[in-house]
Number of protein chains: 2
Amino acid sequence: MPTSDADRRDWRPIATVDTVILTLDEGSLKVLVHRRQRAPFAGAWALPGGYIRPGEDDSAEEAALRVLRTKAGLPNFYIEQLATYSGPARDPRGWSISVAFLALVPRDLLPDLAEDVSLAAVDGLPDLAFDHGRIVRDAVARLRGKGAYSSLPAALLPESFTLPELQRAYEIVLGDHIDASSFRRKVLDLDMIEETGEAQAGVSKRPAKLYRLTGAARTFNRTLGAA
Amino acid sequence: MPTSDADRRDWRPIATVDTVILTLDEGSLKVLVHRRQRAPFAGAWALPGGYIRPGEDDSAEEAALRVLRTKAGLPNFYIEQLATYSGPARDPRGWSISVAFLALVPRDLLPDLAEDVSLAAVDGLPDLAFDHGRIVRDAVARLRGKGAYSSLPAALLPESFTLPELQRAYEIVLGDHIDASSFRRKVLDLDMIEETGEAQAGVSKRPAKLYRLTGAARTFNRTLGAA
DNA sequence: ACAATAGTGTCTTTAAGACATTATTCA
DNA sequence: TGAATAATGTCTTAAAGACACTATTGT
């Protein structure tokens, strides 16, 4: 059994974070990816990520937030831990462990996309570096799963939104049609949202009222749309 | 910025796994804890856990299974990744990252408890080493959350069980009464379980039929009992 | 026969789906 | 006034809750 410090070092895997940034863009769910500059997988699309820096980061989540600030210019949004991926083969540099986070971001909060950054539709995802394809699929499954019985999809919308916009967000996330009447009943009865007092402006049809989320996330005890 | 190998070593946190083994015992939900032999927290109750061993383990999950085999003598049961806990303060030995797993185990599958092993009720948990109290609370929240709309609580029962036993498992997990008639309807209509053909023996009352789970886990689109 | 619990039947209640109808805006 | 979409109302349907009732075992 190795006991010197030099040997012990090999017991510690490479520790990183990866972030799955999901948003609604042009009517579909998309994930932010960037082109890797460096090996391994130079030139391939990948999720924003980076090393955990003990001494700089107070937790894996802080590391993820640092990555999001630095690499994507994102200040404020919904984030939750997704899962942790590990093993000897996922990174050619060696046995690694990556804590993945799921961030839901309104499209208008994303800064203009640089040359090497792109929004990829989660249906028909291109090949991604490392095991990032798998991570994105897990993230989408999490969002779809929770979306059916919680207010999570609202995190994809800006602070104020119309009820039809909210319904559309649910429909895109769940991949299923929702009846407008049922939808309004449910979100209003649950006090999930409240009117801002404002209404849409600059539309050539009846303008919809604007709403905002009331307080914290909510869960339903019965599913909307798809199971 | 450090560049030598010796400096880079400090970039890598201590990587461990912890396991939350939940079971039903004497009508309540309990977690398996053991008394630590060594510092830190020698003498305190803690979750079974250990270092991830690159070279020996093929993933964090494999490391957890190794821990469960070695420390708890457990062969075969339900396991899922819970979450990852990290930071400079949770382990006095330094910046650490621990991948926690949730295991659901039938009581009769647990070997006889050694002197330094105990089942602690999750309500009124004693103080635990590290951040293990927090981890157990998260595990219980996960089980309660998923239990309301899935067949997960069945993983706490032996391979064959009666319908009243299954109902009781749900009631303990959810902390709420469930109507027997509704419960039977739901569980049978969903084809979640099937009769084994056998019945209880050695009871001085009407013996209940025995069931087993049919195939894989199921989810409901409406909650049983509590939201 | 009776104690005890397994298991069934039926009515009520809750909440979602379908879908017709009305309301409000701008051009 | 007409196009477009927001918002409401009403009936149907699915599934859970309440609870009375019947069934089956050992003593």
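Order of the sequence lines sets the chain letters (A, B, ...), proteins ahead of strands, with each chain counted from 1. Reckoned from all heavy atoms, side chains included, excluding hydrogens, waters and symmetry mates.
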Just call it for B:S181: base, sugar-phosphate, or nothing, with non-hydrogen atoms closer than 4.0 Å on any strand. base

Figure out the [atom1]/[atom2] separation between [X] and [N], and round it to whole Å.
X      : N      : atom1 : atom2 : answer
B:L188 : C:dG7  : CG    : C1'   : 10 Å
A:E195 : D:dA7  : CD    : C1'   : 11 Å
B:D189 : D:dA14 : CG    : P     : 13 Å
B:L163 : D:dT24 : CG    : C1'   : 16 Å
B:D176 : D:dA16 : CG    : C1'   : 13 Å
B:K209 : C:dT8  : NZ    : C1'   : 11 Å
A:L210 : D:dT5  : CG    : P     : 17 Å
A:Q200 : C:dT24 : CD    : P     : 16 Å

Does [N] have its OP1 or OP2 closer than 4.0 Å to a side-chain nitrogen or oxygen of [X]?
X      : N      : value
A:R222 : C:dA15 : no
A:S204 : C:dA27 : no
B:R184 : C:dG7  : yes
B:K186 : D:dA16 : yes

Should we say atom CZ of B:R134 is surrounded by more than 12 heavy atoms from elsewhere, each under 6.0 Å from it?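 No, not enclosed.
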
Test side-chain contact (heavy atoms from CB on, under 4.5 Å), reference A:I79, set A:V105, A:L68, A:L102, A:I21, output is A:L68

Residues which pass salt bridge (Lys or Arg N to Asp or Glu O under 4.0 Å) with A:R218, listed by chain and number, not counting sequence neighbours: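 A:R218 satisfies salt bridge (Lys or Arg N to Asp or Glu O under 4.0 Å) with no residue once adjacent residues are dropped.
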
Is the base of C:dA4 touched by the side chain of B:R206 through a donor-acceptor pair closer than 3.5 angstrom?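 Side chain to base: no pair present.
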
Has the side chain of B:R185 got a donor or acceptor atom sitting under 3.5 Å from an opposite partner on the base of D:dG17?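 Side chain to base: pair present.
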
Report the residue (A:D179 or A:V203) whose heavy-atom-nearest nucleotide on DNA chain C is the more 5′ of the two. A:D179

If we only count heavy atoms from C-beta on, is the B:L166 to B:V187 side-chain gap below 4.5 Å?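 Yes, side chains in contact.
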
Can a cation-pi geometry be assigned to A:R35 and A:W45, taking NZ or CZ under 6.0 Å from the six-membered ring centre and within 45° of the ring axis? yes

Select from B:K205 and A:P207 the residue whose nearest nucleotide in DNA chain D is closer to the 5' end of that strand.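 Comparing both residues, the 5'-ward one is A:P207.
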
